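First comes the structure, then the notes that go with it.
In what follows, chains are A, B, ... by sequence order, proteins preceding strands, each numbered from 1. Given the structure is predicted, the values throughout are model-derived calculations rather than measurements.
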Amino acid sequence: MIRLYDTARAEVRDLSLRRPGRVSMYVCGPTVDNLPHLGHGRFTLVWDVARRWFTFQGLSVHYVSNITDVEDKIITRARRESRSETEVAAQFEAEWWDAMDRLGVIRPDDSPHATRYIPEMIELIASFLERDVAYVTSDGVYFDVSTVPDYGLLAGQPLESLRAGARVEENNEKRSPLDFALWKNAKPDEPSWPASFGEGRPGWHTECVVMALGLLGEDFDLHCGGLDLKFPHHENERAQAEAAHRAFARHWAHNGWVMVGDDKMSKSLGNFTSLTDLLEKTDPRAYRLLVLRSHYRSPIEISPATIADAERALGRLDALARRFDLPELGGERFELASSQPWAEESLELYERVVAFMNDDLNTPLAVAELFEALSVANASADEGRVAAARRLAEAINSLFGAMGLTLLAGSYVLDEVAEKLVLERDAARLARNWADADRLRDELVARGWIVEDGALGTVIRRP
RNA sequence: GGCGGCGUGGCCGAGCGGUUAGGCAGGGGCCUGCAAAGCCCCGUACUCCGGUUCGAAUCCGGACGCCGCCUCCA
């Protein structure tokens, strides 16, 4: 049984599925107005790991994640750069998918775009107006949050106390500062669509309700996103579903922040680092390992030091892959039924990892377990119990693969010069001519190779 | 003001009543011609002050420090 923290109930509970064996999940995606930042990298990795784990446990997953392609910041940027909103959105969506591919994040089964769901949104807003849970002001249509009895469920506080803390609102036509825009009336030269309640464009909170219900149906299983979406975004999605009398998410799950020093990294603070930059400078797997080494609900600190730390740890994993010549797993959708016959040496490891993962995706404990097993596998091999060591190494590889982390034995083409140097060095070593052997090693190192002495002689690889 | 979270060894980061977390870095050793890789051993941490308990990093109370949400944000 998989257990997961549910924000709506503020407790870890059994994942209760609409249909046994199938998980429907909706993950709030990006607004494509800029390069993806580290926070985007974290949430996509966290929910990618969840998805892969569910699959690994034999569940069939329907994963939906949206692209918000109509929004204030896109308009602002288009204006500033004198080009169309469509162009801006297309550019950054391309950047988005490029980064996701490099991170090894499996693409969603569906990635709906807000602009393709305008009619459905208009229909929903019209029904709210009809039923008087929304009202028209001079700048658009607003949702009246007081019509939803348990508004504030996700925020963990009642409407009155949320209202008490709300900042002074510039729009005094709103009945409550918490009321949110369903529809923004068109301004000159902005993208807009016709509607019975006026030409305009949708507010942000409506698209996800329409797309989640449209693609996953009522009473879908899991709604995920960053902690900053808990309130007001997810609260407002919920409110609309309630108002529409449609069963919404059974579970709500939120991942923690990426921190920069002591502060949350965010667009508004302007302290964000682009994911694209990170991926150019480092092995993308280092970020995945970093994410796996802390719990998804905890804040993580991403810095050059923590990334370097993860890269070195990764080095040990890759060394295992080299030692046992392990196959590359996890790169694409890696599925391995839990019924796979696990060798005696690895069954216990498998069971412990499964127990940790199924308990609210405790990846840090799972990873710790796998690193311990890594030492055991190496020790066994050192002691000559090679077959047992290999089976354990294969289990480690599979379990990391299940989390989307691919261990790389590394492949490279030996050039003629390197090949010749290796042969010469082996000959020198055989003749116990250490001076020549060391000189030849220096030459290989100078040519960019890492040189190790294996049981069969000189082994070289690229860093 | 309301709500929520955090403070762990050099760094990152788990644990959430009794047992070694794990990684990285560092020290010592084994192996090796040397080096690398690998293995073994080592640091003996829990912001502070009280309390509960046979026993607390873990529960309760208080203090201090920090962060987040209540506004767009993953």
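Residue order along RNA chain B, read from the 5' end via each residue's closest nucleotide, puts Asp309(A) first among Phe180(A) and Asp309(A). Both Pro30(A) and Ala310(A) sit near RNA chain B, but only Ala310(A) has its closest nucleotide nearer the 5' end.
A stacked arrangement is assigned to Trp434(A) and the six-membered base ring of rG33(B), with a centre-to-centre distance below 5.5 Å and an interplanar angle below 30°.
An OP1 or OP2 oxygen of rA25(B) is reached within less than 4.0 angstrom by a side-chain nitrogen or oxygen of Arg312(A). Between Thr31(A) and rC72(B) there is no side-chain polar atom (N or O) within less than 4.0 angstrom of OP1 or OP2.
Judged purely by atom type and a 3.5 angstrom limit, Ser192(A) has no side-chain atom pairing as donor or acceptor with the backbone of Ala186(A).
Within 4.0 Å of Ala379(A), counting heavy atoms only, lie sugar-phosphate atoms of the nucleic acid but no base atom. Note on Asn378(A): only backbone sugar-phosphate atoms sit closer than 4.0 angstrom, heavy atoms only; bases stay farther off. The residue Arg316(A) sits close only to the backbone: its heavy atoms come under 4.0 Å of sugar-phosphate atoms, none of a base.
Taking a pair as Watson-Crick or G-U with both hydrogen-bonding distances under 3.5 Å, the stems of three or more pairs touching RNA chain B are B:1-7 with B:64-70, B:10-12 with B:22-24, B:26-30 with B:38-42, B:47-51 with B:59-63.
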Exercise. Please walk me through it: do Asn362(A) and Met357(A) pass side chain to side chain contact (heavy atoms under 4.5 Å, CB included)?
Worked result: CA-CA 5 Å; Asn362(A) 199 330; Met357(A) 289 297 285; over 6 Å; no

Problem set entry | Letter per nucleotide, 5' to 3', of nucleotides 3-9 of chain B [B base touched, S only sugar-phosphate touched, - untouched; heavy atoms, 4.0 Å] | S------

